[in-house]
Number of protein chains: 2
Amino acid sequence: MRYANDVSGREEEHEPSLASRLRLAVVRLNRRLRAQRTDSSVTLTQISALSCLYNWGPMTPGELAAKEGVQPPSMTRVIAALEEHGFASRRPHPTDGRQAIVEVTQAGRDFVRAEVCARERWLDRRLADLDEEEREVLSRAAEIIDRMAGQ
Amino acid sequence: MRYANDVSGREEEHEPSLASRLRLAVVRLNRRLRAQRTDSSVTLTQISALSCLYNWGPMTPGELAAKEGVQPPSMTRVIAALEEHGFASRRPHPTDGRQAIVEVTQAGRDFVRAEVCARERWLDRRLADLDEEEREVLSRAAEIIDRMAGQ
DNA sequence: GACACGTCGTTAGCATACCTCACGATCTGC
DNA sequence: GCAGATCGTGAGGTATGCTAACGACGTGTC
């Protein structure tokens with residue numbers, strides 16, 4: 001099956017930089033995560049935003065966009081999709097007419113508890129195959145990465 | 001600015017699982033990486049595939065797709081773009097008429113050494129802000145993640 | 001009070017990056 | 001030889017980001 005090794009003119013082995021290895025790892029895992037399909041039509045981006053609302057409570061679209069690290073226009077579409085699914089709802093801001101408050105509905109809460117866990121089953125299985133020390137490394141890495149990406 | 005804390009009916013704080021935290025970190029860093037634009041018209045996906053060819057040597061489109069974790073049709077377009085840029089070239093497989101061998105051109109090698117580093121400058125800067133122990137954590141995490149995503 | 005200016009959310013339009021389905025060319029086992 | 005598998009590709013669809021521009025609303029200044 002592997003052909004590369006048999007071809008003359010092959011590159012020598014390199015020692016890729018940490019940046020290269022981390023980038024590749026992140027890009028790949030991201031692809032895998034997106035590829036995990038449940039039969040529901042809710043996408044990873046939507047789940048991510050919904051989880052954020054679930055964990056942090058009601059907030060404005062702008063705050064949600066900031067937390068997820070996307071631009072406000074991108075979040076608008078995500079919120080609209082969640083609203084269409086009946087998992088989130090918008091209500092007017094009590095004092096500022098420009099803003100709105102987005103919150104999780106009861107259906108949204110049920111969905112987070114059930115489907116989101118299902119969605120993360122693939123990753124959970126992978127994590128379960130690791131030993132405790134490796135999970136600890138990933139836990140610390142998640143925190144470091146989040147800090148790097150966060151700002 | 002923060003409004004969520006003031007709203008009644010707020011969720012209690014949860015302790016997100018490792019899967020949740022890792023997913024969010026990966027999704028976010030991935031967004032940041034893709035948002036980094038160099039003036040060149042080569043995308044992150046193309047760079048990723050080109051780096052793969054550079055590091056592993058010539059291989060068939062199918063093998064490259066498998067290594068990158070995408071479906072063959074997706075890789076076809078990436079290879080076409082790389083070929084158009086003059087960074088990769090296709091030649092017929094010596095024994096199997098169905099397959100082809102994709103390899104990096106000299107221009108592609110030069111590009112990997114120069115532009116890819118430029119592309120990774122943002123990440124490099126972030127990594128430089130960490131201490132040695134944190135970089136070691138990320139280095140180990142990159143290896144673990146790659147193993148999880150790889151298969 | 002009126003007007004200028006800032007902020008917030010949204011709409012519109014675009015680019016990228018995946019996917020699945022379908023097809024033609026080629027190889028292989030009987 | 002011929003049926004079926006395999007490989008690469010074309011077509012079309014969806015998701016996910018972005019920027020630019022706009023309308024609604026709030027705020028400070030006179």
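B:Asp131 is linked by a side chain to side chain contact (heavy atoms under 4.5 Å, CB included) to B:Glu133, B:Glu134, counting only residues two or more places apart in sequence or in another chain. Scanning for side chain to side chain donor-acceptor pair (under 3.5 Å) contacts around B:Glu132 gives B:Arg135, with sequence neighbours left out.
Using a cutoff of 4.0 Å between basic side-chain nitrogens and carboxylate oxygens, B:Glu63 and B:Lys67 are not scored as salt-bridged.
Contacts of A:Thr45 with the nucleic acid, taken as non-hydrogen atoms under 4.0 Å apart, involve only primed sugar atoms and P, OP1 or OP2. When heavy atoms are screened at a 4.0 angstrom cut-off, A:Pro73 is found touching base atoms of the nucleic acid. Contacts of A:Pro61 with the nucleic acid, taken as non-hydrogen atoms under 4.0 Å apart, involve only primed sugar atoms and P, OP1 or OP2.
Contacts between residues 76-86 of chain B and DNA chain D, counted as heavy-atom distances below 4.0 Å, involve B:Thr76, B:Arg77.
Between the side chain of A:Asn55 and the backbone N or O of A:Ser51, at least one donor-acceptor pair lies under 3.5 Å. For the pair A:Arg32 (side chain) and B:Ala149 (backbone), a donor-acceptor distance under 3.5 Å is present.
The NE2-P distance, from A:His93 to D:dA24, rounds to 20 Å in whole Å. As a whole-Å value, the separation of A:Met59 CE from C:dG9 P is 12 Å. A:Arg32 places its CZ atom 13 Å from the P atom of C:dC18, with the value rounded to the nearest Å. One atom, CG of A:Leu44, and another, C1' of D:dT14, lie 14 Å apart when rounded to the nearest Å. Atom-to-atom, CD of A:Gln46 to C1' of D:dT14 comes out at 11 Å; the value is rounded to the nearest Å. Atoms CZ (A:Arg90) and P (C:dG9) sit 10 Å apart, rounded to a whole Å. B:Asn30 has its CG atom 9 Å from the P atom of D:dG17, to the nearest Å. In this structure, B:Gln71 atom CD and D:dG10 atom C1' are separated by 16 Å, rounded to whole Å.
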Which pairs, protein N/O on one side and nucleotides 23-30 of chain C N/O on the other, fall under 3.5 Å?
{"residue": "C:dT26", "atom": "O3'", "partner": "B:Gly97", "partner atom": "N", "Å": "3.4"}
{"residue": "C:dC27", "atom": "OP1", "partner": "B:Gly97", "partner atom": "N", "Å": "2.4"}

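Residues B:Val102 and B:Met59 form no side-chain contact, since every pair of their non-hydrogen atoms from C-beta on lies 4.5 Å or further apart.
Taking every heavy atom of both residues into account, B:Ile79 and B:Pro61 meet most closely at CD1-CB, 3.7 Å. Closest approach of B:Ala80 and B:Arg90 over heavy atoms only: CA-NH2, 4.1 Å.
Here A:Arg31 does not reach the OP1 or OP2 of D:dT16: none of its side-chain N or O atoms lies under 4.0 Å away. Distances shorter than 4.0 Å separate none of the side-chain N or O atoms of A:Thr43 from OP1 or OP2 on D:dT14. Proximity of A:Thr60 to the phosphate of C:dG9: a side-chain N or O atom is located under 4.0 Å from OP1 or OP2.
Hydrophobic clustering, with ILVMFWY side chains joined whenever heavy atoms are under 4.5 angstrom apart, groups B:Leu33 together with B:Leu127. When hydrophobic clusters are built by joining Ile, Leu, Val, Met, Phe, Trp and Tyr residues whose side-chain heavy atoms come closer than 4.5 Å, directly or via intermediates, B:Val27 is grouped together with B:Leu138.
Note on the helix from C:dG1-D:dC30 to C:dC30-D:dG1: angle between the axes of the first and last five pairs equals 20°, rounded to 10 degrees.
Sorted by first and then second residue, the pairs that involve residues 57-88 of chain A and meet ring pair (Phe, Tyr, Trp, His ring centres under 6.0 Å), not counting sequence neighbours, are A:His85-A:Phe87, A:Phe87-A:Phe111.
Nucleotides of DNA chain D nearest to B:Val27 and B:Ser74 differ in position, and the one nearer the 5' end is that of B:Ser74.
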Could you walk me through whether B:Arg140 and B:Ile144 pass the side chain to side chain contact (heavy atoms under 4.5 Å, CB included) test, one step at a time? CA-CA 6 Å; B:Arg140 287 219 50 208; B:Ile144 296 170; 4.1 Å; yes
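Closest to the A:Val70 side chain, of the nucleotides C:dC8, D:dT16, D:dC18, is D:dC18. Looking at the side chain of B:Arg34, the nearest of the listed nucleotides D:dT16, C:dC18, C:dG9 is C:dC18.
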